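Here's the structure we're looking at; comments come further down.
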Amino acid sequence: MSFPLLTATAALPAIGAVLTAAVPAARRNAAKSLALVFSLATLALAIVVLVRYDPDGGRYQLTESHSWIADFGVRYELGVDGIGVALVALTALLIPFIILAGWHDADPLETGSKRWRPTQGFFALILAVEAMVIISFEATDVFLFYIFFEAMLIPMYFLIGGFGDRAHEHGEEVASTQRSYAAVKFLLYNLVGGLIMLAAVIGLYVVAGNFSLTEIAEARANGTLDMAKNTERWLFLGFFFAFAVKAPLWPLHTWLPNAMGEATTPVAVLITAVVDKVGTFAMLRFCLQLFPEASKWATPAVLVLAVISIIYGALLAVGQRDIKRLVAYASISHFGFIILGIFAMTSQGQSGATLYMVNHGISTAALMLVAGFLISRRGSRLIADYGGVQKVAPVLAGTFLIGGLATLSLPGLAPFVSEFLVLVGTFARYPAIGIVATFGIVLAALYTLVLYQRTMTGPVKPEVSAMPDLRARELVVVAPLIVLLIFLGVYPKPVTDIVNPAVKQTLSDVHKKDPQPEVEAAK
């Protein structure tokens, strides 16, 4: 039997989580180092998966299939297409940077204090989330996917509620209350979505007789499985609702600003750059592939919700006083672009959406992590508490600027390519929607440049006059992300070559072709 590479890629961080949690309480640094080693080993395996994947090969590759709960047709089935393999690589890439950025986030609250934050638990939970996210990108059994889609809520709940941001202007007691509120809100929103999806998963089994994504999709394609129109629509809505909560799509987004605002900065990056991608990925893999006719039926409504997310998230980002909440609302706007590209039902739109998932993960991680370094120095998340930082910490300000420019999709940086493809793909089929969505770019420029101007330029405030520049560990975290943003902005071909064949398959699933341009006949 060939080596189970996909299982190993998900199992390695899970093993690392167990071993990290078992490190004695007094050996915090050993726990951190162990977690970092396992995250780097997972990255190495993810690179092997990426190298082994053949874009011109079969749809799902490196597949594994074993009987699990035979009486109910549940199998342990894994496989990656171009979209899945790109997101597995993104996840494995970001986790080491998240661990390095959070190196001191679970240290004792104060020197000599008997109140110890469980350092080992913090890093073990991050590795546990990584394992669950990776297997979610690999699962081709619907029930297997559902289990890990829901299970990742548990470690995320403890990461948000148990390890909050220390830079809180209202004191530790209020901060603890707000962390608890954010964690419970995150859990309840996603649990409700998951329970609705569970009902749809059961309904799918009743209709199809198994949970295999490939078997059900093949049966739908060759006509041996014919779902009633209303049945397919209800099942689609059950799946889509859960994915829209995770994504997050307006109006199911309200948990995100609370969760990102109250979590530590690395955990905030974990939420928006890694975990939330499971929602948009699942729309492509499950909604469109299992319910093609219902996906086309729902497209007008989904496009409207996506445009609302784009404009609404950007408008609220403009008015934010809190740096982390600004990035959270900006992410809501960006996820609107991703969902817009998915449901534009064009190859440019879906390629752009998939590329956007990767680029948004990198750009948001870069901006948010630098913002976290800034906040940790000043001890405040409020924009008004900063000013003139570029004069005392020019490297920090420069990396913050590049992360911000990537967020507003400046040409030459990675998100520009993906956002451009999304808008071109949308305009080709829905020109009015594409025009409205373009205003999101204008608003992105406004909130990003205003944020930079208010924090980095102007007179140096006394509170930041002694602020140190980025340290070696922080440069190790930020520099590779900046390099990737520039490289993929200039040369996105390595990613598009991987995802484009999978996008063509997805369009084929929903029986859609790119609209032909209208060319006026020559006179």
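Values below: every heavy atom of this structure, side chains too, minus hydrogens, waters and symmetry copies. Everything quoted here is computed from the prediction, not taken from an experiment.
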I would like to know whether Glu474 and Arg377 meet salt bridge (Lys or Arg N to Asp or Glu O under 4.0 Å); could you show each step before the answer?
-> CA-CA 12 Å; Glu474 296 165 337; Arg377 285 159 165 74; 2.7 Å; yes
Without swapping roles, check the side chain of Arg429 against the backbone of Met345 for a donor-acceptor pair under 3.5 Å.
-> yes
Can you check whether Val304 reaches Ile308 side chain to side chain, under 4.5 Å on heavy atoms?
-> yes
Salt bridge (Lys or Arg N to Asp or Glu O under 4.0 Å) between Lys246 and Glu150, worked out = CA-CA 10 Å; Lys246 185 85 79 180; Glu150 286 293 275; 5.5 Å; no
Report the C-alpha distance between Glu130 and Leu270 in whole Å, list the side-chain angles of each, state the deciding distance to 0.1 Å, and finish with yes or no for side-chain contact (heavy atoms from CB on, under 4.5 Å).
-> CA-CA 9 Å; Glu130 179 182 21; Leu270 185 65; over 6 Å; no
Spacing of CZ belonging to Arg325 relative to CG belonging to Leu256, to within rounding of 0.5 Å = 9.5 Å
Test ring pair (Phe, Tyr, Trp, His ring centres under 6.0 Å) on Phe239 and Phe291 and set out the steps.
-> CA-CA 10 Å; Phe239 277 75; Phe291 315 111; 5.3 Å; yes
Hey, do the aromatic rings of Phe335 and His360 have their centres closer than 6.0 Å?
-> yes
Are Glu262 and Arg381 within salt-bridge range, i.e. N to O under 4.0 Å?
-> yes
Would you give the length of the straight line joining atom CG of Leu326 to atom CE of Met368, rounded to the nearest 0.5 angstrom?
-> 9.5 Å
Is the backbone N or O of Ser380 less than 3.5 Å from a side-chain atom of Tyr386, with the two atoms forming a donor-acceptor pair by type?
-> yes
Please indicate whether Lys185 has more than 12 foreign heavy atoms, meaning atoms of other residues, nucleotides or ligands, lying under 6.0 Å from its NZ.
-> yes
Taking only residues two or more places apart in sequence, or in another chain, which ones meet Tyr205 in a ring-ring contact (aromatic ring centres under 6.0 Å, His included)?
-> Phe211
Report yes or no: do Tyr452 and Gln390 form a side-chain donor-acceptor pair below 3.5 Å?
-> yes
Ile362 side, atom CD1; Leu90 side, atom CG - distance, nearest 0.5 Å = 6.0 Å
Would you say Leu382 and Asp385 make side-chain contact, with heavy atoms under 4.5 Å?
-> yes
Test item: side-chain donor near acceptor, Ser331 and Thr272, under 3.5 Å | yes
Worked verdict on Val450 versus Val318 for side-chain contact (heavy atoms from CB on, under 4.5 Å) = CA-CA 8 Å; Val450 168; Val318 171; over 6 Å; no
Looking at OG of Ser363 and CG of Leu413, how far apart are the two atoms once the value is rounded to the nearest 0.5 Å?
-> 9.0 Å
Take atom OH in Tyr146; do more than 12 heavy atoms of anything else shown fall under 6.0 Å from it?
-> yes
Do Leu374 and Ile323 have side chains that get closer than 4.5 Å, going by heavy atoms?
-> yes
Rounded to the nearest 0.5 Å, the CD1 atom of Ile311 sits from the OG1 atom of Thr438 at a distance of 8.5 Å
Does the side chain of Pro415 come within less than 4.5 Å of Leu485's, by heavy atoms?
-> yes
Can you find a side-chain donor-acceptor pair between Ser351 and Asn500 that sits under 3.5 Å?
-> yes
Grab the two heavy atoms, one from Ala247 and one from Ile339, that are nearest each other, plus how far apart they are.
-> CB-CD1, 4.0 Å
CZ (Phe158) with more than 12 external heavy atoms under 6.0 Å | no
On a heavy-atom basis, the closest approach of Phe343 and Thr299 is O-CG2, 3.2 Å
Is there a side-chain contact between Ile498 and Lys493 (heavy atoms, below 4.5 Å)?
-> no
Side chain to side chain donor-acceptor pair (under 3.5 Å) between Thr254 and Tyr189, intermediate numbers included | CA-CA 9 Å; Thr254 59; Tyr189 268 64; 2.6 Å; yes
Main-chain N/O of Gly425 paired to Thr346 side chain as donor or acceptor, under 3.5 Å | yes
Can you check whether Thr506 reaches Gln289 side chain to side chain, under 4.5 Å on heavy atoms?
-> no
Kindly say whether Leu396 contributes a backbone atom to a donor-acceptor pair with the side chain of Thr399 at under 3.5 angstrom?
-> yes
Test side-chain contact (heavy atoms from CB on, under 4.5 Å) applied to Phe240 and Val302, step by step = CA-CA 10 Å; Phe240 181 80; Val302 175; 3.7 Å; yes
Positive for side chain to side chain contact (heavy atoms under 4.5 Å, CB included) with Leu153, one of Val275, Asn190, Val129 | Asn190
Kindly say whether Leu213 contributes a backbone atom to a donor-acceptor pair with the side chain of Arg285 at under 3.5 angstrom?
-> no
Where the side chain of Thr231 meets the backbone of Met227, is there a donor-acceptor pair that is under 3.5 Å apart?
-> no
Applying side-chain contact (heavy atoms from CB on, under 4.5 Å), run through Glu138 and Thr9 and close with a yes or a no.
-> CA-CA 10 Å; Glu138 297 173 345; Thr9 308; 3.9 Å; yes
Look at the side chain of Thr448 and the backbone N and O of Ala445, then say whether any donor-acceptor pair between them is shorter than 3.5 Å.
-> no
Considering only heavy atoms from C-beta outward, does the side chain of Leu449 approach that of Gln453 to under 4.5 Å?
-> no
Are any non-hydrogen side-chain atoms of Leu159 and Ile126 less than 4.5 angstrom apart?
-> yes
Are Tyr356 and Thr280 linked by a side-chain donor-acceptor pair shorter than 3.5 Å?
-> no
Residue pair Asn359 / Ser418: nearest heavy atoms and the distance that separates them = ND2-OG, 3.3 Å
Could you tell me whether Arg233 atom CZ has more than 12 heavy atoms of other residues or ligands within 6.0 Å of it?
-> yes
Which pair of non-hydrogen atoms, one from Leu488 and one from Val417, has the smallest distance, and what is that distance?
-> O-CG2, 4.2 Å
What pairs with Ser39 under side chain to side chain donor-acceptor pair (under 3.5 Å), at least two apart in sequence or on another chain?
-> none
Of the options Phe137, Phe243, Phe281, Phe143, which is the one that meets Phe149 in a ring-ring contact (aromatic ring centres under 6.0 Å, His included)?
-> Phe243
Verify, without hydrogens or angle tests, whether Tyr53 (side chain) and Gly82 (backbone) share a donor-acceptor contact under 3.5 angstrom.
-> yes
What's the spacing between Leu43 CG and Leu94 CG if we round to 0.5 Å?
-> 10.0 Å
Grab the two heavy atoms, one from Leu443 and one from Ala314, that are nearest each other, plus how far apart they are.
-> CB-CB, 3.5 Å
Are His253 and Tyr329 linked by a side-chain donor-acceptor pair shorter than 3.5 Å?
-> no
Are the side chain of Trp255 and the backbone N or O of Val245 linked by a donor-acceptor pair below 3.5 Å?
-> yes
Considering non-hydrogen atoms only, spot the tightest contact between Leu369 and Ala101 and give its length.
-> CD2-CB, 3.6 Å
Hey, is the main chain of Gly313 close enough, under 3.5 Å, to the side chain of Ser333 for a donor-acceptor pair?
-> no
